[in-house]
Amino acid sequence: MSVRRGAGRRPGPCAGSLSAGPSIRPRGTQGRLYNSAPRQNHLSTMIDAKLLRSDTQAVADRLARRGYVFDLDAYRGFEQRRKDLQVRTEQLQAERNAGSKRIGQAKAKGEDASPILADMDRIKTQLAENETQLGALQAEFDDFLARVPNPPHASVPDGKDEDDNVELRRWGEPKAIAAPRDHADLGEALGLMDFAAAAKLTGARFTLLRGGLARLHRALAQFMLDVHTQEHGYEELYVPYIVNATSLRGTGQLPKFGEDLFALQGEQDWRLIPTAEVPVTNLVRDEILAASELPKKWVAHTPCFRSEAGSAGRDTRGMIRQHQFEKVELVQFVRPHESDAALEELCGHAETILQKLELPYRKVILCGGDLGFAAARTYDLEVWLPSQGQYREISSCSNFRDFQARRIMARWRNPATGKPELLHTLNGSGLAVGRTLIAIMENFQQADGSIAIPNALRAYMGGLSSIT
RNA sequence: GGAGGGGUGGCUGAGUGGUCGAAAGCACCGGUCUUGAAAACCGGCGUGUCGAGAGGCACCCAGGGUUCGAAUCCCUGCCCCUCCGCCA
C-alpha cells in the first residue's frame, strides 16, 4: 500500500495544501456513531460512502491509479456486519421507543405499567449490548474508510512518483547567468541575509532579513495580495495563526501529520498553522452557503510554521526550507460542476504572479502516485533556480472536489433541488513568499552581486530599481 | 483573573421528565384572490441515515451519566454575553 500524502511527500511551502491524512475518529465520540448525524461523524470519512457502496469496484479501480490498494474483501465484510447490526439495533430502539410511549400513556390513565416495564428490561439489556458492538464496529469501519484517499481525476496521468509527473508547459526563458550564485551567498554578501543571527536567536532553519531584502519580502506579499484582490476577485482575509485541533482535523493535518506541526504548551490543544489553508478552509466548516455567494474566493497572507520533521538533511542551505515562512494562499469554494474550470483559473492566478515578476517557470501535472491524499488533481508550478540549474516547486494548486468538503460539511443550497449539497474546494499558493524572494534574488542577480528589482515590484519598493 | 447569565430549526424565540423533531412569529416556496403587485387567506417548509415503499432510526453546543423514557435532571468540556480587574 502506498498512500502518499502532500505533507509527507514534499514538505515544501505549498505541500500543506495537499496534505490530508487518514483520520482516526474524533475523540470522545465512541459508542455514538451508529447513526450518521453530521456533527458526529463528519470529521472521519472523506471518501463518498454512498458511491463506494453503489459502485465499489469502480472506486477501487480509480484508487488503483494512485497506487492505493483498496481492500475489497475487508470493505464488504465491514458493510455486511454493519448493516446487520444496525438493522437489529434500530429495531430494538423502535421497540424501546414504542414501549416507553405505552408506559407514558398507561401512567397518564392511572393504569399499572409494570408488565410493560418487565419487557423493557429485556430490551434495554439487548440494546445496550447491540449499541456497544455497533459503536465498536463503526469505529473500526470509520478508521478503515478514513484511510482511503481521494480517487484521482480522469485527467491525472499514470505514474508512481515524482519522476512520472508530466510537464505541461514552460513560460519564460532562463537568463544566461555566468557562474550563478545562490541566494544565500548573494544575501550574505550583501549583508542583508543572516542565517547565523537567526540561529543565535532560535536555531537552524530560520532566516533573518535586513534592509532591502526585508523590504522586498514585505513588498512581495503586498504585491501578491493586491493582484489577487484587485485583478482576480478574491476577498482578503486576516486569520488566526493559531488553530485548534478540530480545525486541523478538518483539513487533515491531524492526526496523521501532527509531528509536522508546532504545538503550543498550555491547557488548550492549539497549534501554529502550517498553512493558511487550515483557518480559511475551516471557515466554511458546518456552513451552508447560499448559491448567490458562490464562487467563494479568498486570499490570505500568513506565516506558516512547519517542524519539517521528516526532512532532516534536505535543503539545509539557505531559506528554501524553513520552520517559518510566509505564503499567500488562494482558496475557492465552488459549485461542483465548476471545479474543473476553477482549478485552471486558480492556477492561472498563481501563474500571473510569476509572469508579472518575470520569473521563468514550468507547469507540471502530478501523476496518480504523487498526488496528495485529499487531492483529485494537482498542478505544481516550479520556478527556475539558476544556482540549482533546475525548476523548484513554488506553488501547488489542487482540486479536492467534494473530499474535503465532506469532512468539514461545507455545503451550499442548490436552488435546483432546494437541498444542501457538498461544495467543491480548491486551493493553491499564490505564491510562497520566501521562495519567490529566493527566485528573484537568483534570477535577477547582477555581476556585481546586486539584485535588480522586477518592474512590477518597483512601486512597492519606493521606486527602487535594485538592492545593493 | 473574579462574579453572574446563556447556547433550541435560515432568523427571533417557547418548551424544565412522556404522545416533542420540537409552539409561535419572521423569512422562504406553492396556491387562491388581483390587470399586475402588495395585503389577506390556504397549504408547504430542518439535517443525516436505512428502506422499493409505508415507514424506522438518529440529531435541540459537545461528551458522559440517571431513567422504561431526556431538549428538559446530574457531571465534564467548549463557546458566547454582561459587570469588575488587568492590558496592546
Side-chain angles (χ1 to χ4, degrees), chain A residues 24-45 48-54 78-128 130-135 137-139 141-142 145 238 240 242-250 266-270 282-293 402 405-423:
Chain A
I24 308 303
R25 291 141 28 61
R27 285 178 299 178
T29 55
Q30 276 74 7
R32 295 287 297 181
L33 282 176
Y34 44 82
N35 71 71
S36 300
R39 283 188 189 284
Q40 292 185 346
N41 79 350
H42 73 266
L43 286 180
S44 50
T45 302
D48 186 344
K50 224 181 252 180
L51 180 68
L52 197 51
R53 271 196 291 271
S54 63
F78 271 126
E79 259 303 56
Q80 193 55 53
R81 280 185 287 155
R82 193 215 92 236
K83 219 165 194 168
D84 290 348
L85 245 184
Q86 187 169 328
V87 167
R88 261 187 289 144
T89 304
E90 289 188 1
Q91 275 169 356
L92 283 166
Q93 286 172 325
E95 283 183 49
R96 178 202 61 194
N97 291 349
S100 292
K101 195 171 270 190
R102 276 188 286 133
I103 290 169
Q105 286 165 341
K107 287 197 170 174
K109 286 186 233 161
E111 294 168 4
D112 177 22
S114 53
I116 313 176
L117 280 167
D119 203 32
M120 294 299 284
D121 200 49
R122 192 203 89 238
I123 294 172
K124 196 188 180 186
T125 311
Q126 285 183 9
L127 184 56
N130 269 277
E131 286 184 338
T132 305
Q133 281 180 22
L134 185 55
L137 176 66
Q138 195 72 56
F141 194 13
D142 281 353
L145 290 175
Y238 170 78
I242 297 173
V243 293
N244 59 35
T246 306
S247 294
L248 288 159
R249 233 178 266 122
E267 295 188 9
Q268 309 277 7
D269 190 9
W270 285 350
N282 276 283
L283 201 50
V284 185
R285 191 174 72 218
D286 295 326
E287 299 288 335
I288 301 172
L289 302 183
S292 57
E293 296 179 80
D402 62 13
R406 182 171 300 104
R407 190 189 192 95
I408 62 172
M409 287 301 277
R411 295 176 295 174
W412 67 302
R413 197 171 288 277
N414 184 348
T417 61
K419 298 284 183 189
E421 297 174 9
L422 291 171
L423 288 159

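Quick note on labels: first sequence line is chain A, next is B, and so on, each numbered from 1. Just so you know, these numbers come straight off a predicted model, no measurement behind them.
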Side chains of A:S100 and A:N97, donor plus acceptor under 3.5 Å: no
Ignoring hydrogens and geometry beyond distance, is a side-chain donor-acceptor pair present between A:Q138 and A:Q86 at under 3.5 Å? no
Looking only at atom [atom1], what distance separates [N] and [M], rounded to whole Å?
{"N": "B:rG53", "M": "B:rG64", "atom1": "C1'", "value": "38 Å"}
{"N": "B:rG77", "M": "B:rU82", "atom1": "P", "value": "23 Å"}
{"N": "B:rA14", "M": "B:rA22", "atom1": "C1'", "value": "10 Å"}
{"N": "B:rC73", "M": "B:rU19", "atom1": "P", "value": "16 Å"}
{"N": "B:rC33", "M": "B:rA40", "atom1": "C1'", "value": "9 Å"}
{"N": "B:rU72", "M": "B:rC20", "atom1": "C1'", "value": "11 Å"}

Tell me what [X] touches on the nucleic acid: a base, only sugar-phosphate, or nothing, going by heavy atoms under 4.0 Å.
{"X": "A:R413", "answer": "sugar-phosphate"}
{"X": "A:R53", "answer": "sugar-phosphate"}
{"X": "A:D121", "answer": "nothing"}

How do A:P420 and A:K83 order along RNA chain B: which one's closest nucleotide is nearer the 5' end? A:P420
If B:rG48 has a Watson-Crick or G-U wobble mate with both distances under 3.5 Å, name it; if not, just say none. B:rC57
Salt-bridge criterion met for A:R122 and A:D119 (N-O under 4.0 Å): yes
